[in-house]
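All ligand and atom numbering here is 1-based and tracks the order in the structure. Small disclaimer: the values here were computed from a predicted structure and weren't measured.
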Amino acid sequence: MEVPFLSLKDVNARYADELKVAVARVIDSGWYVLGEELAAFEREFAAYCGVHHAVGVGNGLDALSLIFRGYKELGAIDEGDEVIVPGNTFIASFLAITENRLVPVPVEPDPASFNLDPACVEAAIGPRTRAIMAVHLYGQLADMPALAALARRHKLLLIEDAAQAHGAMSDGRKAGTFGDAAAFSFFPAKNLGALGDGGAVVTHHAALAERVAALRNYGSDVKYRHLFQGLNSRLDEIQAAMLRVKLKYLDDDVAWRRRVARRYRDGISHPHIQLPAVAREEQHAWHLFVVRSPYRDALQRHLLAHGIHSQVHYPTPPHRQPAYAALRHADLPLTERLHDEVLSLPMGPTLHEDAVDRVIEVCQAFEGPA
Ligand SMILES: *Cc1c(COP(=O)(O)O)cnc(C)c1O
């Protein structure tokens, strides 16, 4: 049996008829950018998350970046200010900071959850710190009550990179509602994926939502009046229409991901494979199911030899990338070890139980390093 890491074709085939109707509706409307589909999706996604405002943008990186741009326009953060960010994250978290001429201060994660460790965050707060960026890595919420208390105490912005966490919850609240603002990505492979690029900023704050809405559209609030030196980063009508279809099924998809994760966690028990720790079941939207092994590369080869496709999220931390040579001396041994040990098993809303059982069986048969 061949088990793909994630089949986007299967994911979208389930709604192919509805998606085609949605696309046809946009084609026939004659209106393709900043129209009724986007306005409706923004309302629906805000309601889903439980926030007042959602602003659709071109992708997840722009969503993150425009949050900082918006707060710069509001005077809450300035060039040269520091943003505390987990060292173990996708590079977009860093790019959004440096694109705004802010300074990333990477910190070590909690080794069990892979997420920000509030104690490490507190130790990194200095006179130039203005914001904390929490990344809900792999779909699990960071410790938002502790981070929110820290942010309040030190008067810092709390920004959520929720690109992997659509549908994760804590105490009845969804990812994206705990901080001052949150960024989502609708890249096709995310829990809520467009059929192309897309993203959104969600926030309770009307002033930030207004800034972001202008910034994504050349900094314009009214046609041909430009309040800010903005950019062009809009969620187009076709993507918005398709996202409206898929949003209806997001909770079912997350429920299925939780079933897959439960099955993995019940079935895999191996001295060389460490399962992901889960604080509370509903806090995890299982964008990825990430195990750790000191023999990660051998495990990945073993899985592939049996037709099972896994991935590494991520092989190199941002501070070790050529793009961030200035950060290469950051002292982040745990972050670096995680990048050597993590492996993402197949996960997705169309992953069949038989396939999950096959992955479990092959994991159990792993004999360690050759
Ligand atoms: C995917 C992702 C992003 C960027 O989203 P894009 O839509 O690909 O720009 C940012 N942060 C994290 C943690 C992500 O996984």
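- Under the rule for a ring pair (Phe, Tyr, Trp, His ring centres under 6.0 Å), the partners of Phe90 that lie at least two apart in sequence or sit in another chain are Tyr314.
- Under the 4.5 Å side-chain criterion, counting only non-hydrogen atoms from C-beta, His154 is not in contact with Thr129.
- At a threshold of 4.5 Å between non-hydrogen side-chain atoms, the residues Phe178 and Leu147 do not count as touching.
- Taking the six-membered ring where tryptophan is involved, the planes of His306 and His302 are tilted, since the angle between them lies from 30° to 60°.
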query = Would Arg259 and Glu353 satisfy salt bridge (Lys or Arg N to Asp or Glu O under 4.0 Å), going step by step from the backbone distance to the final call?
reply = CA-CA 9 Å; Arg259 277 180 64 166; Glu353 281 170 345; 2.6 Å; yes
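- Between Leu195 and Leu19 the shortest side-chain heavy-atom distance falls below 4.5 Å.
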When you pair each N or O of ligand 1 with protein N or O atoms, which pairs come out under 3.5 Å?
{"residue": "ligand 1", "atom": "5 (O)", "partner": "Ser185", "partner atom": "OG", "Å": "3.2"}
{"residue": "ligand 1", "atom": "7 (O)", "partner": "Gly60", "partner atom": "N", "Å": "2.7"}
{"residue": "ligand 1", "atom": "7 (O)", "partner": "Ser185", "partner atom": "OG", "Å": "2.6"}
{"residue": "ligand 1", "atom": "9 (O)", "partner": "Gly60", "partner atom": "N", "Å": "3.3"}
{"residue": "ligand 1", "atom": "9 (O)", "partner": "Leu61", "partner atom": "N", "Å": "2.9"}
{"residue": "ligand 1", "atom": "11 (N)", "partner": "Asp161", "partner atom": "OD1", "Å": "3.3"}
{"residue": "ligand 1", "atom": "11 (N)", "partner": "Asp161", "partner atom": "OD2", "Å": "2.8"}
{"residue": "ligand 1", "atom": "15 (O)", "partner": "Gln164", "partner atom": "NE2", "Å": "2.8"}
{"residue": "ligand 1", "atom": "15 (O)", "partner": "Lys190", "partner atom": "NZ", "Å": "2.6"}

